[in-house]
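Here's the structure we're looking at; comments come further down.
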Amino acid sequence: MAHRTASPAGEPLREVTEPEADLLHTAEQILLRDCMRDRGFVYEPVPRQPVPDARDFPYVVDDPEWARRHGYGSDLDRKREEISTEGVNERYFRSLPQERRAPAIAAANGSRPDGLSARAPDGLKISRSRDGCQSQAERGLYPDLAAWFQARVTVDSLPPLRGGQVIADGEFRGATRKWSVCMNAAGYVFQDPAAARAALPPPDRPFPREREVAMAVAEAGCARSSGLAETAARLDRKYDTELREKYGHDVTAWLRFRLDALPRARAVVEADAER
């Protein structure tokens, strides 16, 4: 969903598009690779979405077609785990001699998790190094790294805050009760979607595919017929708007930083293609 937020000057700002988000990610990965190379190490850029079909359903699975293909996504979770544990960069770090491994990690992340700090909406202070290649790569796109980091910490914190508000809302609870009745009629006794999640085994030992798909398809069908899918989406938009207004300074900064970085990102990607 595209969001627009008024900037201090009054002009509307927008979210970057998916292709633009891919561009920003690709440029950051190139800058990270180059920084690591300059420090004597190897880093291979990774895609923003290594498992393209993967989706998050924060409230309830509400897409029957996706459920028919992936059930609850245990197949995609396994793919993500394989990429995480067997990725080229993880293999590279593990392959380094012991005396080189710590310097390589320090090159990527900085030697100490300090220098940059931000306060999350819940009051938690989050810090990290400003000297590692990750920070240097971000600085290449977002020159005011301290302000960028604060904006990013705030924006990254909003989805779980929003989710908690949605789940606590009386309308959501009412729609969940209707969903539960529907699921019971289909042979699945769950009080809410969270209970259905809790009943799933770990991705490396999933239900038989037919069982997982049948349960997910029932959940998605009940999400639509009970009104839970529509209620959750409407409440999600409502609380998203409220939180974006409450933390408008950082949200506006986030939007502006990303839009302003697009020409720099494009130049990085184009220069890399010409090498």
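One is the number of the first residue; the rest follow in order along the sequence.
Applying the salt bridge (charged side-chain N to carboxylate O under 4.0 Å, His left out) definition to pairs two or more places apart or across chains, those involving residues 207-220 are R197-E219. Sorted by first and then second residue, the disulfide (SG to SG under 2.5 Å) pairs with a member in residues 219-249 read C182-C222; sequence neighbours excluded. Annotation: salt bridge (charged side-chain N to carboxylate O under 4.0 Å, His left out) contacts involving residues 163-184, sequence neighbours excluded, comprise E171-R234. The list of salt bridge (charged side-chain N to carboxylate O under 4.0 Å, His left out) pairs with a residue in residues 118-132, not counting sequence neighbours, reads R128-E138. The list of ring pair (Phe, Tyr, Trp, His ring centres under 6.0 Å) pairs with a residue in residues 130-159, not counting sequence neighbours, reads Y142-W148, W148-W254. Among pairs with a residue in residues 55-74, those fulfilling salt bridge (charged side-chain N to carboxylate O under 4.0 Å, His left out) read R55-D63, E65-R68, at least two apart in sequence or across chains.
Between the side chain of S180 and the backbone N or O of T176, no donor-acceptor pair lies under 3.5 Å. Under the 3.5 Å distance criterion, the side-chain polar atoms of W179 are left unmatched by any main-chain donor or acceptor of A229.
Y188 and F190 have parallel rings, their planes meeting at less than 30° on a 0 to 90° scale where 60° marks the start of perpendicular.
The same ILVMFWY cluster, assembled from side-chain heavy atoms under 4.5 Å apart, contains both L228 and Y72. No chain of hydrophobic side-chain contacts below 4.5 Å, direct or via other Ile, Leu, Val, Met, Phe, Trp or Tyr residues, connects V217 to V60.
Side-chain contact annotation: E44 with Q29, donor-acceptor N/O pair under 3.5 Å absent. Q150 and T154 form a side-chain donor-acceptor contact under 3.5 Å, judged by distance and modelled atom types alone.
Atom CD of E230 is surrounded by more than 12 heavy atoms from other residues, nucleotides or ligands within 6.0 Å.
Closest approach of L141 and A261 over heavy atoms only: O-CB, 3.4 Å.
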